[in-house]
Amino acid sequence: MGYLSKVSAKEYIHVPVLLTEVVNSLVTSKKGVYVDATYGRGGHSSQILGQLSAEACVVAIDRDTSAIDSAKLFAIKDPRLMPFHSLYSELEIVLERLGISSVEGILMDLGVSSPQLDDPERGFSFQTEGPLDMRMDQTINLTAHSWLNNASQDEIESILKELGDEKRGRQIAREIVRRRPLSTTVELSNVIVEVKGPKSLSNRRHPATKTFQALRMVVNSELEELSKGLKKAFECLSVGGRLVVVSFHSHEDRIVKSFFRELCGKGLSLPRKMPVQEELVVPKAKLIGGPIRPGQKEINQNPRARSAVMRVVEKIRSIES
Ligand SMILES: C[S@@+](CC[C@H](N)C(=O)[O-])C[C@H]1O[C@@H](n2cnc3c(N)ncnc32)[C@H](O)[C@@H]1O
């Protein structure tokens, strides 16, 4: 994620998080193919390209059509950038179309971008009035509006508790169902403030933060995408290639951490003497350092970086070998 800076009426920029750390961990060779699986507004891509030779390239993927429009403009200036509108879980299809069998490095910078958060029309923010949309990919049918107005009270309660860690999930779900249909971000936000009471507005975090986060995650199937995307990304890496993931949410980081541990042969706790398939325990990757978080200086300059955690893994063996 990144810090808001509104440039003009409809133009928002995104400040890339952990920029130097990401690029230094990802780029191990000046040549070859790299993938920015979450292009956003290209802050990381442009820095990665700055490290690469004239023959190298960056395949830029995003599920958001506005992000890809912005990547296409960038590609006019630097044709080493190759933009594709796709889910990152479909990376192998993109690479197949390009005739690429494996790549030197892949970046996944998770979550929403500042342009998505800050444009009221996208419906991600509880602070500005907008339609209850929250789709990262504007071409899919499911919106926050259709999900919220059709889900059962139990379904709403369960996503609020599981994806939002919202302690008042039951009361909020009950009130949402009682007040439906809800059409705008502010209508939903007001329901939550009523449940939590006006005093909750003086807390450090806005009372609607957790509900909006949970709803966004369900509309975009974020955790399912992440699990599929990590597997696909690792399959597409060359031996010696690196996968760098920046997450912003404890659920995301837990998935990344456990996938990386499994790749490094540390994920399984098996009873001694139990016969196991070799492929389950032979490490296919090694961890590059531990989790990296932004320093106070970066957080002061870009408050949206505060919950970021970067993890890096390097492939040491192909899946088949
Ligand atoms: C935090 S932003 C990336 C910002 C980018 N690193 C930059 O410097 O501008 C995350 C981006 O990932 C995209 N995204 C999220 N999930 C995705 C998925 N499953 N497949 C493809 N893109 C995805 C979002 O649309 C968003 O543009």
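Both ligands and their constituent atoms are indexed starting at 1 by order of listing.
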Novice: Report yes if G42 has an N/O atom closer than 3.5 Å to an N/O atom of ligand 1; otherwise report no.
Specialist: yes
Novice: Ignoring hydrogens and angles, state whether a donor on the side chain of S89 or E224 is under 3.5 Å from an acceptor on the partner side chain.
Specialist: no
Novice: Using a heavy-atom cut-off of under 4.0 Å, does the side chain or the backbone of N220 touch ligand 1, or both, or neither?
Specialist: neither
Novice: So, regarding R63 and ligand 1 (criterion: nitrogen or oxygen to nitrogen or oxygen, under 3.5 Å), is there a contact or not?
Specialist: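 So ligand 1 has an N or O lying under 3.5 Å from an N or O of R63.
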Novice: Do any nitrogen or oxygen atoms of H14 come within less than 3.5 Å of a nitrogen or oxygen of ligand 1?
Specialist: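 No: no nitrogen or oxygen of H14 is under 3.5 Å from one in ligand 1.
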Novice: Which atoms of ligand 1 are found less than 4.0 Å from any heavy atom of G43?
Specialist: 7 (C), 8 (O), 9 (O)
Novice: By number and element, which atoms of ligand 1 are closer than 4.0 Å to a non-hydrogen atom of E225?
Specialist: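 Reading through ligand 1 atom by atom, the close ones are 18 (C), 19 (N).
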Novice: From the options T38, D64, V15, select the one whose nearest heavy atom is closest to atom 3 (C) of ligand 1.
Specialist: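 It is T38 that holds the nearest heavy atom.
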Novice: Under 4.0 Å from any heavy atom of Q116, which atoms of ligand 1 are there?
Specialist: 24 (C), 25 (O), 26 (C), 27 (O)
Novice: Of all the heavy atoms in A37, does at least one lie under 4.0 Å from an atom in ligand 1?
Specialist: yes
Novice: Would you say the side chains of S152 and D154 form a donor-acceptor pair under 3.5 Å?
Specialist: no
Novice: Assess whether a salt bridge exists between E194 and R179, defined as any Lys/Arg side-chain N lying under 4.0 Å from an Asp/Glu carboxylate O.
Specialist: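 Yes, this pair counts.
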Novice: Relative to the heavy atoms of L110, which atoms of ligand 1 are at a distance of less than 4.0 Å?
Specialist: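 By the 4.0 Å cutoff, the relevant atoms are 1 (C).
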Novice: Would S114 and R304 satisfy side-chain hydrogen bond (donor to acceptor under 3.5 Å, both in side chains), going step by step from the backbone distance to the final call?
Specialist: CA-CA 9 Å; S114 292; R304 284 181 181 168; 3.1 Å; yes
Novice: Heavy-atom contacts with S86 under 4.0 Å: which atoms of ligand 1 show up? List them by number with element.
Specialist: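 With S86 as reference, the close atoms of ligand 1 come out as 20 (N), 21 (C).
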Novice: Only heavy atoms of G40, strictly under 4.0 Å: list the atoms of ligand 1 that pass.
Specialist: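 The list of qualifying atoms is 4 (C), 9 (O), 27 (O).
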Novice: Could you list the cluster mates of L73? Members are the ILVMFWY residues connected by side-chain heavy atoms closer than 4.5 Å, either directly or through other members.
Specialist: I76
Novice: For ligand 1, which atoms sit closer than 4.0 Å to a heavy atom of Y39?
Specialist: 5 (C), 7 (C), 9 (O)
Novice: Using a cut-off of 6.0 Å, state whether more than 12 heavy atoms not belonging to E96 lie near its atom CD.
Specialist: no
Novice: Is there side-chain contact between V193 and H206, with at least one heavy-atom pair below 4.5 Å?
Specialist: yes
Novice: Give the numbers and elements of all ligand 1 atoms closer than 4.0 Å to a heavy atom of R41.
Specialist: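 Atoms satisfying the 4.0 Å criterion: 7 (C), 9 (O).
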Novice: Just wondering, are more than 12 heavy atoms of other shown residues or ligands nearer than 6.0 Å to NZ in K161?
Specialist: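 Buried by this count: over 12 neighbours within 6.0 Å.
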Novice: Excluding sequence neighbours, so at least two apart, what forms ring pair (Phe, Tyr, Trp, His ring centres under 6.0 Å) with F212?
Specialist: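 So F212 forms a ring pair (Phe, Tyr, Trp, His ring centres under 6.0 Å) with F126.
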